[in-house]
Every structure is written in structure tokens, then in C-alpha cells.
Amino acid sequence: MTDKTYPTGLTYFLIMLALGMGGFAIGTTEFAAMSLLPYFADGLDISEPTAGHVISAYALGVVVGAPILAVWGARLSRRVFLIILMAAFAVFNLLSAFSPDYHTMLAFRFLAGLPHGAYFGVASLVAASLVPSNKRAQAVSLVFMGLTIATIVGVPAASWLGQSFGWRWGFAIVGALAVLSVTLIYI
């Protein structure tokens, strides 16, 4: 039996950056939406309590999407599945930015939440497969570092952008980050 060869150096760094960028995009949209709530409530001409349903719709999408998409994507290669998940995430965040009304925004936020859980599950499996068994926890933690950095950098930046230039920019920037993640995973 031959020993498995694992990526090292720059190759390993770029793979983990690609996976972490997806986590960064997901974390940014998940939490920045809360700070943008008064702005999109005003922009969509709805009350703030009603606008809160948009955040709940995203969370519901996460809960519904994780098991369904995990089963659906089990036959796909992990790389292809990650690209599909992050591409869908990008599309629905960009569509959220252009939502003309409350019901459309509600639907797009639900759809944007669908890939969330499945992405983290598959990205964790990919990260763990890239290293020897004694380094798997460290590799998975690097994927989730994207989520951590999102709470420190991404959320305040998206919030500032959305509050300064319009709430739609807060969602559009997440869509752009997701497109970057798709590109990095593809490369």
C-alpha cells in the first residue's frame, strides 16, 4: 500500500483559502443582514418586525437545505458540489440585492440559505481529506476560520457598505465574495 500524497505549501494554502472564502461569504451574509434590517425594511416599505421574517427565511433555508442538498449532492464530486453550492449562494444573494418587494426578498433569502449547511459539511470533508488524520481537526478549523473572520471583518464591512451606500450593497458584496469563492474553488 502506498502512502497518500497530500498538498503542501502554496497549494495547500490556496485550497484552504478557497474553502475559507466560502465560509467568509456565508458568515458575512448571515450576520450582516441583521444590521441592515432597518434599512431594507425602509427600502421595501415594510415594518422592522416584518423585515425580521427575511432573516428567519434565511435560517429556515439553512435548516431545510442541509439535509436535502447533502443527499442530492452525494453522487457528485465534492469539488463540483462545492462549486454548485457556492454558485447558487452567489446568485441568490445577488438577487436579494435586487429584490423589488418583501415577498421576493423573502423567497431569495430562503433560497440563499439552502446551500449554507451543505457547504460547510462538504468543505469540512474536503479539508479533512487533504491532510493526514492527525491534522484533520486543524484543516477543518481553517475552513471555519472564514466564518470567524467574517464576524470580525466581513460583517462590519458589509454593514458599513450597506448603511453608507444603500442596503442592497450589503447583499451584493456577499454575492461578489461568493463568485470569488467559486472562482478559487474552480482553480
Side-chain angles (χ1 to χ4, degrees), residues 1-34 55 57-94 109-159 171 173-187:
M1 181 151 115
T2 61
D3 290 329
K4 181 176 178 179
T5 304
Y6 299 104
T8 59
L10 182 60
T11 302
Y12 178 73
F13 171 78
L14 292 174
I15 293 168
M16 298 313 290
L17 176 66
L19 298 174
M21 180 58 68
F24 181 82
I26 288 171
T28 299
T29 198
E30 180 178 16
F31 299 114
M34 293 173 220
I55 294 169
Y58 181 88
L60 183 61
V62 174
V63 171
V64 169
I68 292 171
L69 292 176
V71 170
W72 175 80
R75 295 179 190 240
L76 299 173
S77 80
R78 290 177 181 166
R79 181 176 176 213
V80 168
F81 193 31
L82 286 172
I83 290 170
I84 291 168
L85 291 169
M86 197 48 54
F89 182 77
V91 166
F92 293 122
N93 272 284
L94 289 169
R109 295 312 296 154
F110 172 79
L111 294 169
L114 291 174
H116 179 130
Y119 177 84
F120 278 117
V122 176
S124 295
L125 288 172
V126 169
S129 73
L130 297 174
V131 295
S133 60
N134 65 332
K135 301 259 186 195
R136 288 182 181 160
Q138 180 183 19
V140 171
S141 73
L142 291 174
V143 172
F144 282 90
M145 188 184 305
L147 180 63
T148 303
I149 293 171
T151 62
I152 298 167
V153 177
V155 172
S159 297
F171 293 102
I173 194 67
V174 169
L177 290 169
V179 169
L180 176 60
S181 180
V182 167
T183 304
L184 290 173
I185 292 168
Y186 178 78
I187 291 170

(message) Could you check whether any side-chain heavy atom of Thr148 comes within less than 4.5 Å of a side-chain heavy atom of Phe24, counting everything from C-beta outward?
(response) no

(request) State, with a plain yes or no, whether a side-chain heavy atom of Arg136 is found less than 4.5 Å away from one of Ser129. (result) no

(request) Decide yes or no on side chain to side chain contact (heavy atoms under 4.5 Å, CB included) for Phe81 and Trp72, but give the supporting numbers first. (result) CA-CA 10 Å; Phe81 193 31; Trp72 175 80; 3.6 Å; yes

(message) Under a 3.5 Å distance rule, please check whether Ser141 uses its side chain to pair with a backbone N or O of Gln138 as donor and acceptor.
(response) yes

(request) Over 60° means perpendicular and under 30° means parallel, so classify the ring planes of Phe144 and Phe120, tilted if in between. (result) parallel

(request) Show your reasoning for whether side chain to side chain contact (heavy atoms under 4.5 Å, CB included) applies to His116 and Leu85. (result) CA-CA 8 Å; His116 179 130; Leu85 291 169; over 6 Å; no

(request) Mind listing the closest non-hydrogen atom pair of Ala90 and Ala178 along with its distance? (result) CB-CB, 3.5 Å

(request) Let me know which of Leu82, Leu184, Leu142, Val140 forms a side chain to side chain contact (heavy atoms under 4.5 Å, CB included) with Leu19. (result) Leu82

(request) Measure the CD1-CG distance between Ile26 and Leu147 for me, rounded to the nearest 0.5 Å. (result) 8.5 Å

(request) Could you pull out the closest heavy-atom pair between Val131 and Ala139, with the gap in Å? (result) CG2-CB, 3.8 Å

(request) Any chance you could measure Met34, atom CE, to Ser159, atom OG, to the nearest 0.5 Å? (result) 10.0 Å

(message) If you count heavy atoms of other groups shown closer than 6.0 angstrom to OH of Tyr6, is the number above 12?
(response) yes

(request) Check whether any side-chain N or O of Thr183 sits under 3.5 Å from a backbone N or O of Val179 as a donor-acceptor pair, and report yes or no. (result) yes

(message) As an exercise, state the distance from CD of Glu30 to OG1 of Thr28, rounded to the nearest 0.5 Å.
(response) 10.0 Å

(request) Any chance you could measure Met21, atom CE, to Leu177, atom CG, to the nearest 0.5 Å? (result) 6.0 Å

(request) Verify the distance criterion only: is there a donor paired with an acceptor across the side chains of Thr29 and Arg109 at less than 3.5 Å? (result) yes

(request) Go through the steps for Met16 and Leu130 under the test side chain to side chain contact (heavy atoms under 4.5 Å, CB included), then give the verdict. (result) CA-CA 10 Å; Met16 298 313 290; Leu130 297 174; 4.2 Å; yes

(request) Would you please test Leu114 and Leu111 for side chain to side chain contact (heavy atoms under 4.5 Å, CB included) and show each step? (result) CA-CA 5 Å; Leu114 291 174; Leu111 294 169; 3.6 Å; yes

(message) So that I know where these two stand, are Tyr119 and Phe89 an aromatic pair - ring centroids less than 6.0 Å apart?
(response) no

